[in-house]
Amino acid sequence: MADRLAPVSDNQPDAAPAATAPTGPRPRLLLVDGHSMAFRAFFALPVDKFSTVNGEPTNAVYGFTSMLANLLRDESPTHVAVAFDAGRSTFRTEQYAEYKGTRDATPEPFRGQVALIRKVLAAMRIAVLEKPNIEADDILATLSVQAQAAGMDVLISSGDRDMFQLVNDQVTILYPVRGVSDLWRMTPEAVTERYGVGPERYSDLAALVGESSDNLPGIPGVGPKTAAKWITTYGGLEGVVAHVDRITGKAGEALRANLDQVLLNRRLNRLLTDVELPLTPADLTVQPWDREEMLTVFDALEFRVLRERMFAMVAAEASPPEPVEAGELTLVTPAEGTLGDWLRERAGRRLALDVRGKGTPVGADAWSVAVVDDGGEATVVDLAEVSPADEKALAEWLADPAAAKTVHGAKAAGHALAGRGLLLAGVTFDVELAAYLCEPDRRAYDLAELTFSYLRRELTADAGSGAQGALDLELDGSDDARRAAVRAAAVADLTDVLSSELGKRGAARLLTEVELPLVDVLGRLERTGIAADREHLVELERYFDGIVTSEAADAYAAIGREVNLGSPKQLQEVLFDQLGMPKTKKIKSGWTTDAAALTDLYARTEHPFLQHLLAHRDAIRLRQTVEGLLRSVADDGRIHTTFMQTIAATGRLSSTDPNLQNIPIRTEDGRRIRRAFVVGPGYETLLTADYSQIEMRIMAHLSGDEGLIEAFRSGEDLHRYVGSRVFGVATEDVTSEMRSKIKAMSYGLAYGLSSFGLSKQLDIAVGEAAGLMEDYFGRFGGVRDYLTGVVDEARATGYTATILGRRRYLPDLTSDNRQRRDTAERMALNAPIQGSAADLIKVAMLGVDRELTTRGLGSRLLLQVHDELVLEVAPGERAEVEALVREQMGSAGGDLSVPLDVSVGTGSSWHEAGH
DNA sequence: ATACATACGTA
DNA sequence: CGTACGTATGTATC
């Protein structure tokens, strides 16, 4: 292993450590290829949807401006410029008349839009460059080189692949893949991964393969794979040319026949980097917009929504995060047998970890472990080659709860290590969880994303070197090691930033006392899995399959033909064209065929097709669920879900692969699936424990409404109690109809239900629903005060908070788009309630797990389904486990103003244990 | 191959 | 015009 892990700093002896670089944010230059991006936008957006009332097309302007706004927001450049081509003739067409000759004439609706884009750019005070006879690419290439020399990072947005030759550690191309909203970050690694050669060789590859959009033919029969192989074998195009006679086969012949074209291609695709320009990168600083002009231009373009979005964006740009430069990173390889010493020398310091491997509950494996200390000294252990002595030292350190570690994704890391028989303990920070607590509405928390948004640098950037030359891109062991070390270093830097961020948001304890300890519990629970009765599942599959077949046949018979019953489009044809049924609710593709609509149609038409269609849908869905479960049964006869801890913005867990939080329960056939989840061998029974009306109890507590609190303290049926107060009758006179109305309303309130929604759900007049709500709030005024207060407070502070201080930020509460604002208000109503319930059951899980462990019990947690826990009880432990589960779940809220009722059931299957 | 829309299961 | 999720299928688009 020793020679595989080359020290990073020794590789770049002349690289200036960032620590000595001038302080302050590292400048970032954003360069945009104007024509290229405008053209992409033009084809991405329908022109008929984007025109002014006068019929002037604006789709390219809209798409381009929107893309640019997103780039300014997401990339926070300090400098920016847009380059345009000036005319069609260039020095390239002079050399090769057919250059770009296949391009069709500019589409008519595109003409004129470039002038509009220039107006927008002028209002945004963004520099525009162009030069006769020179393409935009060459201008951007020149600026890119100058900017690098000035120590800037460069981002280039262009749909021209020729630009890939410019990519290096300082230069990233943002290449549009579909439309203009989806941009690939073409870093050196991305280019290499995609084309098999690094960016410095990309133009060689393009010369061999050709570029159809430039009308540059390649070698017939030679694709990127062959070209990459040649380039790697002979060291670039020069080498290929030098050895042209050595290349055998058809491809070799073709190469020799087309050599002139290849060399011409190479001359033409080489970008100029010495174009004389009136401006230098330093002149391109981002300027504040000309607000007046922006309003005028956007007004003329009739971009109302985009205008609001962009101005809102500027308002939100109050404090962009400070870049955190990568410090010097030294990759060391302790002599064999001395890893333990290296780790012991760092005792008492928190070290950052990166584990490469497969971090799943089943089939886990770890390949390498990178460790970096707070001084930037790193070591990477290749687990396939580590010596027994070093592995032992590593295992002891990993398992030592007193050896503090910070990671990204502790649960996956723990799984991966467990796959090698290694135990991970002592994790005192997890940057993924920390980022989730800071920004629970984010959709991605991968290390590259977090590095970019919190450290303002690229994860791929070579750590420990400011500017340097060509990067070693060979995929050998030392490069893998370096990457792992860079990841660990990013974790270390993120830990610093996120710790302070967490502190500012009052979420530090939530991390250390809830989410981090929960990682351990969830990891064990996922590895344990829940036993499945495979035969029962197979039998169910047959059973549901029979129903699917017969219901389909009956459905076809009812309409006299066979259609795809799973195609909403074909169903619409049958229902509304063939059978002429009344139209249902509108959806994007026409009219809905969902179950509610079909049931309604059946009540009106009694057409047997609808009955069979509904029965078919049910059966096909249940069959699908069963088949999914069958596929998920692992070799140990158990199903191992993965609980996602950073998905739900409210703080809930989610379950995937398979989702065990949406196993059917409402219908009899559905419940049969629950019978397939059984107690495993060696255990006595399954036990389920769930909170009753947890969300209403939380609403009672948070609102402090005396009436609602009393309802729970009285021990009476909640909806009956509330119904008696709302309708002014004795509890025993509350009819089941009254009770169900109250139940719907109570739960609806926690979701931001409107009187309109309530009227629809209960099938009553809007006025009646509004009256019902009035009566409700008349008796439970504290609830109304609480709900309005929650929204008001969230609007003022920007966030809601749960009992444990878990925040959800809702900037849309102040949006001037009503739809968005209303949605945000409903989220604000629901988040503290759903989120507090999530807090409570997490605390309960920790308590249950702790008690099981400290009492030395063999019973174990298997599942969490939001307000329910499922456990597997070891022989003889039933009573004790039930008692401790009740105790831990009941006390999870601390001193809430209402009791937390827990109901418990046991049985040999999940169905039997349920209640 | 990939993303979006529809439909529907749970709390 | 009720929140939070995950999955499967069909369909359109590259």
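Letters A, B, ... mirror the listed sequences (proteins, then strands); counts begin at 1.
Within the structure, a side-chain polar atom (N or O) of N564(A) is placed less than 4.0 Å from OP1 or OP2 of dG10(C). Between K569(A) and dA12(C) there is a side-chain N or O to OP1 or OP2 distance below 4.0 Å. When the side-chain nitrogen and oxygen atoms of T593(A) are compared with OP1 and OP2 of dA7(B), one or more of them lie within a distance under 4.0 Å. In this model, the phosphate group of dT6(B) is not approached by any side-chain N or O of T592(A) to a distance below 4.0 Å at OP1 or OP2. Distances shorter than 4.0 Å separate some side-chain N or O of S654(A) from OP1 or OP2 on dG6(C). Residue R443(A) has no polar side-chain atom (N or O) positioned under 4.0 Å from OP1 or OP2 of dC5(C).
F42(A) pairs by the ring pair (Phe, Tyr, Trp, His ring centres under 6.0 Å) definition with F110(A), not counting sequence neighbours.
Salt bridge absent: E912(A) and R674(A) never bring a charged side-chain N and a carboxylate O closer than 4.0 Å. We find that R806(A) and E515(A) are joined by a salt bridge, their nearest charged nitrogen and carboxylate oxygen being less than 4.0 Å apart.
Within the nucleic acid shown, A595(A) comes within 4.0 Å of sugar-phosphate atoms alone, with no base atom in reach, counting heavy atoms only.
Below the 3.5 angstrom threshold, one finds a donor paired with an acceptor across the side chain of N662(A) and the base of dG9(B). At a cut-off of 3.5 angstrom, the base of dG2(C) holds at least one donor-acceptor pair with the side chain of Q761(A).
Searching all strands for a Watson-Crick or G-U wobble partner of dT6(B) with both distances below 3.5 Å returns dA8(C).
The stretch residues 665-675 of chain A does not touch DNA chain C, since none of its heavy atoms comes less than 4.0 Å from the strand. The stretch residues 616-626 of chain A touches DNA chain B through R617(A), D618(A), R621(A), each having a heavy atom within less than 4.0 Å of the strand.
Closest approach to the A648(A) side chain among dG10(C), dA4(C), dG6(C) is made by dA4(C) (side chain taken as heavy atoms from C-beta onward). Set against dT10(B), dT6(B), dT3(C), the side chain of R826(A) has dT3(C) as its closest nucleotide.
Taking 4.5 Å as the limit, some side-chain heavy atom of R795(A) sits within range of a side-chain heavy atom of E825(A).
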